[in-house]
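A, B, ... follow the sequence lines: proteins, then strands. Residue 1 opens every chain.
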Number of protein chains: 2
Amino acid sequence: MPYTTKQRQAILTCLAQRRAELLSVSELASALRDIGSPVGLATIYRQLEKLEETGHIHKVNTEEGAFYQYCDHGESDRDCFLLKCEGCGRILHLDCSHLKPLYEHLEQEHHFVIDSRATMFSGLCDVCAAQRKEETHGSK
Amino acid sequence: MPYTTKQRQAILTCLAQRRAELLSVSELASALRDIGSPVGLATIYRQLEKLEETGHIHKVNTEEGAFYQYCDHGESDRDCFLLKCEGCGRILHLDCSHLKPLYEHLEQEHHFVIDSRATMFSGLCDVCAAQRKEETHGSK
DNA sequence: TTGCGTGCAAAGGTTTTGCATGGCA
DNA sequence: TGCCATGCAAAACCTTTGCACGCAA
């Protein structure tokens, strides 16, 4: 492990505590400010790059920009399944046993190896789907 | 179909002719200049957004920024499944009967409605997977 | 003490926006 | 004629870089 500075520590801790979410750099910056450990933007970018290289975190590029996620070192054979709601913009995590068989099928039959940590399913969460359905019925 | 302007036409033609590649906005702009149909940057961005909405092209967000690719899949109400190769960056289309049941499961059990046109599976295509495997064996 | 990490501010690049103009239906 | 698309330039953003200083090993 390289240097351990309090900034690096704070960044990693912050991401670890909110491991269920994907954080943008600005969200991370304000989260750090909120817990009383403000870190300069340049430092955040530099540390995130290093943390990604060392496998501590994962970077996800989306339509809305880059997001960072704590990486559970546990050799994550667990199905990590990301759902992005197009309605409210939130990113949900899901453990679902139906995924692995599908991925195996894709690999064996279609010769494509899925990277589940980088795969983001887009759609609507229950709240937004219900809301949209209501709107459709409601007017016009 | 909305207006068909020569700029829109030029952009789509340019992407179609180079459908094997992913083009960045600046690459697209200079390609348009090269064929004698220069288009303003703002217009390119605005048309790309529309072309993406109508399903004519794909937008790919990568580490190196956004890229655009012509979509061969046409209008089709058929289920269009997208695979993005992290190795070569290309987007592959796939018709696979295993996906629909999964999506139904997600909707019924996890209350998440998948938007298959917006969902991009990330991973490695057969070529890149083989290459990577080779590299791993080869050195170190 | 040494060298990497930090913060600030400036630079760089990309994408969006405002507004007057132009062209298709 | 009425709209929408266009082009330009400015603005807004995000990310990187240069440099002097600070702090962990």
Side-chain angles (χ1 to χ4, degrees), chain A residues 1-16 21-69 84 86 89 91 118 120, chain B residues 1-16 18 21-69 89 118 120:
Chain A
M1 172 114 46
Y3 287 77
T4 301
T5 66
K6 65 172 187 292
Q7 287 89 344
R8 178 192 173 89
Q9 214 32 259
I11 290 170
L12 198 49
T13 302
C14 202
L15 286 166
E21 310 169 58
L22 293 167
L23 295 178
S24 68
V25 168
S26 58
E27 287 168 340
L28 180 57
S30 61
L32 288 164
R33 247 178 277 121
D34 291 347
I35 61 174
S37 304
V39 179
L41 270 183
T43 299
I44 294 179
Y45 279 106
R46 287 186 280 229
Q47 280 297 349
L48 286 175
E49 191 182 345
K50 286 174 190 167
L51 288 169
E52 197 200 356
E53 276 167 16
T54 54
H56 288 85
I57 63 173
H58 195 248
K59 181 178 184 178
V60 184
N61 296 299
T62 78
E63 198 75 13
E64 288 80 31
F67 290 87
Y68 294 85
Q69 178 190 29
K84 189 183 86 189
E86 295 168 345
I91 291 170
M120 184 91 68
Chain B
M1 173 113 48
Y3 287 80
T4 299
T5 65
K6 64 171 188 290
Q7 287 89 343
R8 178 190 173 92
Q9 215 31 259
I11 290 170
L12 197 50
T13 301
C14 201
L15 286 167
R18 301 170 67 171
E21 311 168 57
L22 292 169
L23 295 179
S24 68
V25 168
S26 57
E27 287 167 340
L28 180 57
S30 60
L32 288 165
R33 248 179 277 121
D34 291 348
I35 61 174
S37 304
V39 180
L41 269 184
T43 299
I44 295 180
Y45 278 106
R46 287 186 278 230
Q47 279 298 347
L48 287 175
E49 190 181 346
K50 285 174 190 167
L51 288 169
E52 196 202 355
E53 276 167 14
T54 54
H56 289 85
I57 63 173
H58 296 298
K59 181 179 185 179
V60 187
N61 298 297
T62 78
E63 201 75 12
E64 288 80 31
F67 291 87
Y68 294 85
Q69 181 186 32
M120 185 86 71

In whole angstrom, give the distance that lies between atom CG of A:Leu51 and atom P of C:dG5.
11 Å

Separation between CD1 (B:Ile11) and OG1 (B:Thr5), nearest 0.5 Å, reads 7.5 Å

Could you report the tightest heavy-atom contact between A:Ala66 and A:Asn61, atom names first, then the distance?
CB-OD1, 4.0 Å

Roughly how far, to the nearest 0.5 Å, is CD of B:Glu21 from CZ of B:Phe67?
11.0 Å

When A:Ala42 and A:Lys6 are each assigned the nearest nucleotide of DNA chain D, the 5'-most assignment goes to A:Ala42

Rounded off to whole Å, could you give me the CD-to-P distance for the A:Glu64 and C:dT16 pair?
11 Å

Looking at CZ of A:Arg8 and OG1 of A:Thr13, how far apart are the two atoms once the value is rounded to the nearest 0.5 Å?
11.0 Å

Verify the contact: side-chain N or O of B:Thr43 to OP1 or OP2 of D:dG7, cut-off strictly under 4.0 Å; return yes or no.
yes

Under 4.0 Å between a side-chain N or O of B:Gln7 and OP1 or OP2 of C:dG23?
no

Between B:Gln47 and D:dT6, is there a side-chain N or O to OP1/OP2 distance below 4.0 Å?
yes

For a quick test of reading the model: is some side-chain N or O of A:Thr5 closer than 4.0 Å to OP1 or OP2 of C:dT6?
yes

Closest non-hydrogen atom pair, B:Lys59 against B:Met120:
O-CE, 4.3 Å

side-chain N/O B:Tyr45 vs C:dT16 OP1/OP2, d < 4.0 Å
no

I need the CD-C1' distance between A:Glu49 and D:dT16, as an integer number of Å.
10 Å

What integer distance in Å separates B:Gln9:CD from C:dG23:P?
18 Å

For B:Tyr68 and C:dT15, give me the distance from atom OH to atom C1', rounded to whole Å.
9 Å

Could you tell me how far apart A:Leu41 (CG) and C:dA11 (P) are, to the nearest whole angstrom?
18 Å

For DNA chain C, whose closest nucleotide is more 5', that of B:Val25 or that of B:Arg46?
B:Val25

A:Asn61 atom CG is separated from D:dC14 atom C1', nearest whole Å, by 13 Å

Could you tell me how far apart B:Lys59 (NZ) and C:dT16 (P) are, to the nearest whole angstrom?
6 Å

